[in-house]
Q: 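Here you go, one structure.
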Amino acid sequence: MTYRDFVLGHTAEARERAQRHYRTVLADPPEPVRPRPAATVMLVRDEADGVQVYMLKRVASMDFAPSTMVFPGGGIDGRDDAALPWAGPGVVQWAARLGCDDHLTRMLVVAAVREVFEECGVLLASPTEQGPLVDAGDPSWRAARDALNSRELSLGELLHREGLVLRTDLLRAHAHWTTPAVEPRRFDTRFFVALMPEHQRADAQTSEAEHGGWVRPAQLLEDFAAGRVQMLPPTISCVEDLAQASSATEFFAEEPVIRRMEPVVTLRDDGVVVFRVDQAGAPRMHAEGG
């Protein structure tokens with residue numbers, strides 16, 4: 001088997017705290033909690049200096065991954081299963097790619113589109129199945145984002161109201177990661193890729209982020225190595241994948257083999273606690289993500 005170890009913490013102080021915490025966890029492992037299915041989106045574009053990806057820095061007060069650089073995304077919501085107009089690959093095709101049943105597949109794809117709109121203002125929807133995307137930059141769309149965030153409105157209701165269809169052809173599945181079993185909050189997350197639509201603008205107008213912006217993958221990895229930013233193993237791995245692409249269009253067109261990765265907290269022979277990932281992947285989980 002081929003394993004990869006991720007050292008915990010991005011600075012010396014953070015690593016020391018992590019080592020103390022996870023040594024305690026290893027001494028008395030908790031009962032694993034059921035992970036919540038989630039979706040996150042790598043929003044990418046081509047610029048003169050190469051490929052860029054849109055990242056958010058989570059606020060320090062967040063219970064999960066505080067002050068961490070992440071892609072826009074979040075957990076599924078019951079309203080994501082509401083009926084809505086759907087364009088692009090069907091649910092059956094997506095289910096085969098994601099490795100889950102039709103019900104969960106539908107919720108994951110809808111959650112991906114909903115989350116990137118809620119957190120970035122980018123909406124992968126259009127009036128027709130192949131037509132140009134809606135212009136979601138008008139101030140009137142701010143109220144729709146707020147209603148989605150507060151769960152007063154579902155994405156399906158929004159699309160029906162505005163006469164739009166969900167553009168699943170503008171998404172690609174890229175990876176699948178599950179939070180380690182020792183964590184008190186766990187997510188079973190599908191990572192998607194989307195090209196940044198022309199004539200739309202990404203922002204970070206969400207209460208969950210301190211700020212957001214476009215970054216070059218190589219620069220982000222350099223900042224992480226230098227301790228200037230914090231990222232979790234799934235994000236590191238996906239950013240590394242993107243750093244190898246010659247263009248955003250090429251990256252979007254890829255269909256990599258998707259294996260479920262689940263880091264395991266492990267004490268190495270040298271006494272260092274790490275997140276260890278089996279590169280061959282972990283067994284698939286059942287439809288509800290538990």
Side-chain angles (χ1 to χ4, degrees), residues 35-44 51 53-54 70-77 80-117 122-126 129-130 133 155-156 159 165-179 186-197 233-242 244-245 247-263 277-290:
R36 178 185 176 190
T40 190
V41 180
M42 303 173 67
L43 194 60
V44 298
V51 182
V53 60
Y54 197 81
V70 299
F71 310 119
I76 63 172
D77 182 83
D80 291 331
D81 194 38
L84 48 69
W86 180 292
V91 173
V92 173
Q93 289 174 270
W94 272 108
R97 184 75 176 127
L98 296 176
C100 51
D101 67 23
D102 291 358
H103 174 69
L104 180 56
T105 293
R106 185 180 185 87
M107 297 187 77
L108 288 167
V109 173
V110 173
V113 175
R114 175 180 55 76
E115 286 286 344
V116 81
F117 178 54
V122 173
L123 182 55
L124 303 179
S126 59
E129 292 190 2
Q130 298 296 328
L133 297 186
L155 184 61
L159 296 183
V165 296
L166 186 77
R167 293 291 299 278
T168 75
D169 57 311
L170 303 181
L171 286 173
R172 293 288 188 275
H174 183 78
H176 180 188
W177 286 73
T178 302
T179 310
R186 302 182 67 208
F187 294 91
D188 186 44
T189 306
R190 266 55 174 214
F191 288 73
F192 295 85
V193 180
L195 291 173
M196 177 62 195
T235 311
I236 297 169
S237 179
C238 288
V239 172
E240 288 174 342
D241 291 343
L242 183 56
Q244 299 300 313
S247 71
T249 303
E250 174 194 279
F251 188 68
F252 177 76
E254 293 177 358
E255 290 195 354
V257 174
I258 296 177
R259 301 179 175 89
R260 188 176 73 84
M261 302 297 182
E262 182 176 344
V277 179
D278 181 354
Q279 302 284 50
R284 287 286 186 178
M285 309 177 81
H286 65 64
E288 288 71 33

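Start at 1 with the first residue, then count along the sequence. Source: prediction; values computed, not measured.
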Q: With heavy-atom distances below 4.5 Å as the criterion, would you say the side chains of Val122 and Leu43 are in contact?
A: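 Val122 vs Leu43: side chains touch.
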Q: Got a donor-acceptor contact below 3.5 angstrom from the Thr168 side chain to the Ala87 backbone?
A: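 Flag set: sc Thr168 to bb Ala87 pair under 3.5 Å.
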Q: Hey, does Pro89 have a side-chain heavy atom less than 4.5 Å from the side chain of Asp169?
A: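 Side-chain contact under 4.5 Å: yes.
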Q: Using the test side chain to side chain donor-acceptor pair (under 3.5 Å), find all partners of Glu240 that sit at least two apart in sequence or belong to another chain.
A: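 Testing Glu240 for side chain to side chain donor-acceptor pair (under 3.5 Å), a comparison that skips the adjacent residues, returns Arg4.
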Q: May I ask you to decide whether Asp188 forms a salt bridge with Arg36, counting only side-chain N to carboxylate O separations under 4.0 Å?
A: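 Arg36 and Asp188: not salt-bridged.
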Q: Does any non-hydrogen side-chain atom of Val92 lie less than 4.5 Å from one of Trp94?
A: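 Contact flag for Trp94/Val92 side chains = no.
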Q: Between Val41 and Ala112, which heavy-atom pair has the shortest distance, and what is it?
A: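 Scanning both residues completely, I find the closest heavy atoms to be CG2-O, 3.6 Å.
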Q: Give a yes or no answer on whether the side chain of Thr105 reaches the backbone of Asp101 with a donor-acceptor pair at less than 3.5 Å.
A: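 Flag set: sc Thr105 to bb Asp101 pair under 3.5 Å.
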Q: Side chains of Phe71 and Tyr54: closer than 4.5 Å at any heavy-atom pair?
A: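 A side-chain contact is absent here, since even the closest heavy-atom pair is not under 4.5 Å.
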Q: Determine the sole option in Val113, Val116, Val193 for which the side chain to side chain contact (heavy atoms under 4.5 Å, CB included) test with Leu171 is passed.
A: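 That would be Val113.
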Q: Minimum heavy-atom separation for Thr178 to Pro263, with atom names?
A: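 So the minimum-distance heavy-atom pair works out to O-CD, 3.3 Å.
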Q: Taking all heavy atoms of Met261 and all of Asp278, pick out the closest pair and write down the distance.
A: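 Closest pair (atom of Met261, atom of Asp278, distance): SD-O, 3.4 Å.
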Q: To the closest 0.5 Å, what do you measure between CZ (Phe192) and CG (Leu170)?
A: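 If I round to the nearest 0.5 Å, the distance is 13.0 Å.
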Q: Given His176 and Thr189, is the side chain to side chain contact (heavy atoms under 4.5 Å, CB included) satisfied, shown in steps?
A: CA-CA 6 Å; His176 180 188; Thr189 306; over 6 Å; no
Q: Check Ala173 against Pro256 and note the closest heavy-atom contact, atom names and distance.
A: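 The answer is O-CD, 4.3 Å.
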Q: How many angstroms lie between CZ in Arg114 and CG in Leu84, if you round to the nearest 0.5 Å?
A: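 The CG atom of Leu84 is 11.5 Å from CZ of Arg114, to the nearest 0.5 Å.
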Q: Within a strict 4.5 Å, meaning less than it, do heavy atoms of the Glu115 and Pro72 side chains meet?
A: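 No, their side chains stay 4.5 Å or more apart.
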Q: Apply ring pair (Phe, Tyr, Trp, His ring centres under 6.0 Å) to Phe251 and list each qualifying residue two or more places apart in sequence or on a separate chain.
A: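 By the ring pair (Phe, Tyr, Trp, His ring centres under 6.0 Å) rule, Phe251 matches His174.
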Q: To the nearest 0.5 angstrom, please state how far the CG atom of Leu159 sits from the CH2 atom of Trp86.
A: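 Going from CG on Leu159 over to CH2 on Trp86, the span is 11.5 Å.
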Q: Do Leu155 and Leu166 make a side-chain contact, defined as non-hydrogen atoms from C-beta onward lying under 4.5 Å apart?
A: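 With C-beta onward as the side chain, the pair touches.
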Q: Working to the nearest 0.5 Å, report the span between CE of Met42 and CG of Leu195.
A: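 Here the interatomic distance stands at 11.5 Å.
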Q: Rounded to the nearest 0.5 Å, what separates atom CG in Leu124 from atom CZ in Phe117?
A: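 The distance works out to 10.5 Å.
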Q: Evaluate side chain to side chain contact (heavy atoms under 4.5 Å, CB included) for Trp177 paired with Ser237, printing each intermediate quantity in order.
A: CA-CA 10 Å; Trp177 286 73; Ser237 179; 3.6 Å; yes
Q: Less than 4.5 Å apart, side chain to side chain, heavy atoms only: is that true for Cys238 and Phe191?
A: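 Yes, side chains in contact.
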Q: Got a sec, which residues hit side chain to side chain donor-acceptor pair (under 3.5 Å) with Glu129, two or more places apart in sequence or on another chain?
A: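 Expected list: none.
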Q: Does Arg190 reach the side chain of Cys100, with side-chain heavy atoms less than 4.5 Å apart?
A: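 When only atoms from C-beta onward are counted, Cys100 and Arg190 do touch, with a gap below 4.5 Å.
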Q: For the backbone of Thr179 and the side chain of Arg186, can you confirm whether one donor and one acceptor N or O come within less than 3.5 Å of each other?
A: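 A pair under 3.5 Å: yes.
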Q: Taking all atoms of both residues into account, what is the closest heavy-atom pair of Met107 and Asp81, and its distance?
A: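 Reported closest heavy-atom pair: CG-CB, 4.0 Å.
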Q: How far apart are the closest heavy atoms of Pro37 and Leu108, and which atoms are they?
A: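 For Pro37 versus Leu108, the nearest heavy atoms are CB-CD2, 4.3 Å.
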Q: Please report the interatomic distance CZ(Arg106) to CG(Asp80), rounded to the nearest 0.5 Å.
A: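 Spacing of CZ (Arg106) from CG (Asp80) equals 10.5 Å.
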